[in-house]
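These notes concern the structure reproduced below.
Values reported hereafter were calculated over all heavy atoms of this structure, with side chains retained and with hydrogens, waters and symmetry mates removed. The chains referred to below are lettered A, B, ... by the order of the sequence lines, with proteins before strands, and numbering in each begins at 1.
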Amino acid sequence: MLLRRILTRLLTTLVTLLGVSVVVFVVIRVVPGNPIAMMLPPGATQADIDRLNALYGFDRSIAEQYVIWLGGVLQGDFGTSIQARQPVLRLVLNRLPATLELSIMALVIAVVLGGFLALTGTRLRGSRGEGAIDVTNGMALSVPDFLWGLVLILVFGVLWPVFHISGRVSPQYIQEFTTNFFLFESVLRLRLDLWLDLVSHMLMPALALAIPLAAIIGQLLKQSLKETMHLDYVTLARTKGYRENHVILREALPNAVLPTLTLIGVQFTFLIGGTVIIERLFSYEGLGNMAIDAVINRDLPLIQGIVILFAVLFTAINLIVDLLYAVLNPRLRHA
Amino acid sequence: MSAFLSIRNLSAAIRGGPRLLRAVSLDVEVGEVRGLVGESGAGKSMIGKAVLGILPRAVEVVAGEIWLDGVDLLRLRPAERRRRIGATAALIPQDPLTALNPSRRIGRQITDRLVDILGWRRGAAEARALELLNEVRVPEPERVMRAYPHELSGGMRQRVLIASAFAAEPKLIVADEPTTALDVTVQKQILRLIAQMQARHGTALLFVTHDLGVVSKVCGSLSVLYGGLVVEETSVRDFFRAPAHPYSAALLAATPKYTDPAAGLNPVPAAVIDAVRAEVAAADRNWPHG
Amino acid sequence: MLDARGLVRRRLGLRLWLSGGWLLLLLFAALLAPWIAPHNPLEQDLFTSRLPPFWMPGAEPGYWLGTDSLGRDVLSRIMHGARIALIVAFIAGTATMLIGATLGLIAGYYRGWADIVISRLIDIWMAFPPVLFAILLIAVMGPGLTSVIVAIIVIDWTRFARVVRAEAMTQGAMDYVASARVAGQRRLGTMLTEILPNVLPTIGVLLTLEMGIAVIVEAILSFVNLSISTDAPTWGGMIAEGRLAIHQAWWVLVFPLITLFLTVLSFSQLGEGLKDRYDPVLR
Amino acid sequence: MADLYTVSDLRLGLPDMTRKPLFGAAPRIGILHGLSFSVPKGEVLGIVGGSGSGKSTLGRVLVRLLEPTGGRVLFDGQDISHLPEDRLRPLRRRFQMIFQDPMSSLNPRRRIGGIIAAPLQLHGFDRISARVDEALDHVGLPRAFRHRFPHELSGGQRQRVGIARAIAMRPDFILADEIVSGLDVSSQAQVLALLAELVRDLGLTLAFISHDLSVVRRLCTSTMVLHQGRIVEHRPTDALFAAPEADYTRELLDAIPLPDPDQRWDLAAG
């Protein structure tokens, strides 16, 4: 049962990734304007252009280019960035940790905040407190991360400047790191100063990403908690003499969490998608920021690589959530 | 108070809304099985819920007393009330499919009250649970203790719930339509089991049902409700021989009976409904809460 | 429980009024911008650059919300920006709805191959980061109003398709659909007369939501300088300029931001509010 | 009297998605295992059985909401077992269905009038408005109800709308699937009395699916007992209840709690 589920999901994931690669390949190959011409100095001859075109494979048909590119990808070769003239894979993997750290921090904030709202709302159901939580959730939910980012910049960057609103780390610390997982490394090396500097840079963009997700979690988890609270086993637990908090946490929460979990998976991919613009907004040196530069510079191999990496990341997250769901659901675990 | 459970003039209403219970009074002695009968909206399960302290949040008790084992539950502080109900009363719920927590093992769900509320040691609680599963004739009780609810059939789950209800030797059990969701052949086994367990443990049983057939099998006495009002209170024998209230008689006449093709299926006459509604309205005139 | 519901009900009426009112005001400003805007939104005047809003010292009369670094009137630019924002909202929102909801309805009701193909497409689309996808599309098509609208449709049809598909599946399992089949209704007829009316309130909520999102996407694209021509007055463009000059002239950022914030919030609240108010079926 | 339905060796299996291999079709779980029976015109057939007996599935095959995997279903002499939907359509006027849950069988966003009129329009009836009124009269609902939405009605009233929708078409056959199981005894009695009256007045053939033998006893002329997808007994109602032949039928009857304290029901035993 579980094994078949895993296999089926792996198969559909592969089909999805293949689909993504085809779509992005086709889309960026109809770009007007020649990226090769842009990277050559003025006065380059047609022969130069042809030579470079051949080098990057742009002189072949799209189908041929795709097969060649796919063959390279299967061997771990994503091509060479036109702009930076470095292997795409290396460029992308260098930036990935920054985006991952930001996304995970945002996820943690969202889960903690959303979980707190949901539990409080359930505890206060029927009262004005619940109404207030609903209204807050509704507002937080309908405003996207981009706007929250701008609001946070205004409030905590300008009006009451307690956080950094630009960059990932203060310039003087950059030399201190040996890996690209700055946050992780600062914890491992117990460097509180580094950690604080990182957090003070990351907190605002992470919060901007987290607010809408926190609201969604708060709303959905509360909804399924309330539905669960009406079920007979919860009532039964009450008659046994348990306190309300205990009933919510032990009886309702484990069962209400499952539908929320599936949703968090999808929403987490949306959150990561949001890093593209949030990183731009906060000049945070991550994948998203690099992606926008790549589009503006028409760096085709790099765009391709970044999009594929995002797609792999998204499908992997969905896969993990799906398996987690199967593992946590006793119905599937013990069937 | 002589009776083990004594409800006195209990009135409940939706907060700021209509009344659900209208000065309900009833007693259940130790060892007695009392049926609460009525159609949907009659308030029969509200009474059971009020006794167990599980009324929906929108419903509040506006007046009355619920004496359980010599204590008026409504005067206790919430924490004390919860503990007291947990220690002396139990519920057999309606739907065995939703009455067991799908993510917890059966054994834990039977023993949790003993361990967490009554302070038993886990080993002793588990031994007690096994003993009860044997008593309700669950095959392979050791395996069932480790199972999750979805691995058991509906009838088996209801047996588990009965075992769980009797685990702490409660003096009162509220059974809220415990067989409505079951097939008729399974229903017979479960009713038989409840009757046997009740007799053996000498528990007081408040049996909520809409099925007069079921009442005639398991109850000794019954209260008929309409619109939150007790319209008749009598012994089962008297009720089926000659119901005193016209509404009771009409209800009985509307109940089909396969042994008698002519009997049953007679709609409740409009005059009877009007009369009983008038009674409900009359009860409301004496209600000080508006 | 009733207590809280009462509370929410009262707020519902209020939010419908507030959101509807703001959007009407915006529509009014957008329609009449050429006549009522105090200045030409493109008119530059370096002598009046970075004037503060009217209540601050140094403000010039006639420039209510101040001017940007090129001396352009912020209020006039917001009003003209509203034209672009609303055009994008209405056209992109409607088109996205038509395409997405149709595909979702077909996939959810007909199932079978149509569902397999549409669902797989949705999966593929979901694996793209939407903002990056939009930027990529604009880069491909070249900046301009049409490109922005097409990009929004291409990216966001899945939002409708996903939700409508799930809803159509739920409705398709109801007995009234079986009942229509027993009555001998064709599948297309059943979809249009039985399923669609029950999905329509959801589509309505999504539509207003999508309009808000379209406004945001347009702003984001202008923010990265990819939307319309660079000096056209767009909210996103103003925000981008304001972000750079945030310490010298905060008003260049704040006023378009407030406008954008209220607009997006109003669109999303409008849909929910209308549904709660006019849907005959209370859930 | 001629048979309206003749069913022979009816079989039905549903794909078991939990055991579906990665590629190819899922194995089928048998629901109905070779049923043969006929329904004469004018008969009120009771179909009883526990949950999982296949009674609802059988009903849905009779009105061709499900296509059988084996055997034949003749409706008025015509084989409908695998008839494609467009050739089935003209026949659909003649067999109607009333559903168990009136909340889910009435489109919540249509008014009662529209719900009853829709099938009439589909089959090109004339005087539709008059027919809707007539149907409402038949089921004892005020004509003004045609402007209401389903959620504005009580459970019993909704079930009457379901009946009105079915009889408005003047069908030959109606399938009633557990239509009183969600109702209180008083509404149940009303709906059943109404149904008995309609069968008599309109000359209907009725299949009445129920888990409640007492109800079947009151309403039906013949009774079929299903158990695990097989017919265990199918005889005239009087004879079946007077002397049940199959063990399962006896077991079912014994398990019914009669509203009668004198019924022998040895609770202490077993």
Side-chain angles (χ1 to χ4, degrees), chain A residues 12-13 15-20 22-24 27-28 30-33 124-132 134-135 138-139 141-144 146-147 150-151 153-154 157-159 165 266 269-270 272-277 280-281 288 291-292 295-296 298 303 306-307 310-312 314-315 318, chain C residues 1-8 10-11 15 119-121 123-142 154 162 209 212-213 216-217 219-220 223-226 236 239-240 242-243 246-247 250 253-254 256-258 260-261 264-269 271-272:
Chain A
T12 51
T13 302
V15 174
T16 305
L17 286 177
L18 219 57
V20 169
V22 171
V23 171
V24 66
V27 166
I28 63 177
V30 291
V31 175
L124 297 177
R125 66 193 184 290
S127 72
R128 275 166 194 279
E130 189 194 7
D134 282 347
V135 171
M139 293 207 8
L141 184 65
S142 40
V143 175
F146 175 62
L147 286 185
L150 286 164
V151 171
I153 286 177
L154 263 177
V158 179
L159 284 182
I165 52 166
V266 177
T269 64
F270 288 165
I272 297 179
T275 58
V276 173
I277 194 66
R280 194 71 176 180
L281 197 56
I292 293 180
V295 173
I296 292 171
R298 303 183 178 238
I303 299 174
I306 295 174
V307 173
F310 270 119
V312 169
F314 289 7
T315 44
N318 282 325
Chain C
M1 205 139 113
L2 285 174
D3 204 346
R5 197 175 291 175
L7 195 76
V8 172
R10 257 181 289 125
R11 294 228 166 133
R15 80 173 171 185
S119 297
R120 190 60 47 226
L121 268 182
D123 276 354
I124 292 173
W125 250 247
M126 300 279 286
F128 283 102
V131 171
L132 182 56
F133 199 13
I135 292 171
L136 186 58
L137 284 172
I138 299 290
V140 170
M141 292 181 291
V154 169
R162 267 175 19 236
L209 198 69
I213 288 165
I216 280 288
V217 173
I220 287 175
F223 181 81
V224 294
N225 224 345
L226 276 169
I239 287 171
R243 166 81 178 87
I246 191 167
H247 295 285
W250 53 262
L253 173 62
V254 168
L257 179 58
I258 291 175
L260 191 56
F261 199 95
V264 171
L265 197 60
S266 297
F267 268 125
S268 78
Q269 300 300 311
E272 294 282 349

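- Per-residue counts of heavy-atom pairs under 4.5 Å with chain A were compared for C:Ile135, C:Leu265, C:Ile124; the largest is that of C:Ile124.
- Of the atoms belonging to A:Phe146, it is side-chain heavy atoms, and not backbone ones, that fall under 4.5 Å from chain C.
- In this structure, no portion of C:Leu121 lies under 4.5 Å from any heavy atom of chain A.
- In this structure, chain A has a heavy atom under 4.5 Å from the side chain of C:Leu253, while its backbone stays farther away.
- Within the model, atoms CD1 of A:Ile165 and CD1 of C:Ile246 stand 5.5 Å from one another, a figure rounded to the nearest 0.5 Å.
- Between chain C and the options A:Leu141, A:Leu147, A:Val276, heavy-atom pairs under 4.5 Å are most frequent for A:Leu147.
- Looking at A:Val266, the atoms closer than 4.5 Å to chain C (heavy atoms on both sides) all sit in the side chain, from C-beta outward.
- In terms of heavy-atom pairs under 4.5 angstrom with chain C, the leader among A:Val158, A:Thr315, A:Asn318 is A:Val158.
- When every heavy atom of C:Arg120 is checked against every heavy atom of A:Val15, the shortest pair comes out as CD-CG1, 3.6 Å.
- Per-residue heavy-atom pair counts under 4.5 Å with chain A were compared for C:Leu132, C:Leu209, C:Val131, and the maximum is reached by C:Leu132.
- Across all non-hydrogen atoms, the minimal contact from A:Phe314 to C:Met126 is CD2-O, 3.4 Å.
- For the pair C:Ile213/A:Pro144, no side-chain contact is recorded, criterion being any heavy-atom separation below 4.5 Å from C-beta on.
- Between C:Ala139 and A:Val295, the shortest heavy-atom contact is CB-CG1, 3.3 Å.
- At a 4.5 Å heavy-atom cutoff, the contact between A:Thr12 and chain C is made by backbone and side-chain atoms alike.
- Residues C:Asp123 and A:Thr16 approach most closely at O-CG2, 3.6 Å, considering heavy atoms.
- Contacts between C:Leu137 and chain A at a heavy-atom distance below 4.5 Å involve the side chain alone, from C-beta outward.
- Using a 4.5 Å cut-off between heavy atoms, A:Val24 touches chain C through backbone and side chain atoms alike.
- At a 4.5 Å heavy-atom cutoff, A:Ile272 makes no contact with chain C through either its backbone or its side chain.
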* C:Trp125 vs A:Val23, side chain to side chain contact (heavy atoms under 4.5 Å, CB included): CA-CA, chis, key distance, verdict -> CA-CA 9 Å; C:Trp125 250 247; A:Val23 171; 4.3 Å; yes
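- Atoms CZ and CG, from C:Phe223 and A:Leu281 in turn, are 4.5 Å apart once rounded to the nearest 0.5 Å.
- With chain A as partner, the option from C:Val264, C:Val254, C:Ile220 having the largest number of non-hydrogen pairs under 4.5 angstrom is C:Ile220.
- In this structure, chain C has a heavy atom under 4.5 Å from the side chain of A:Ile303, while its backbone stays farther away.
- Between C:Gln269 and A:Ser142, the shortest heavy-atom contact is NE2-OG, 3.4 Å.
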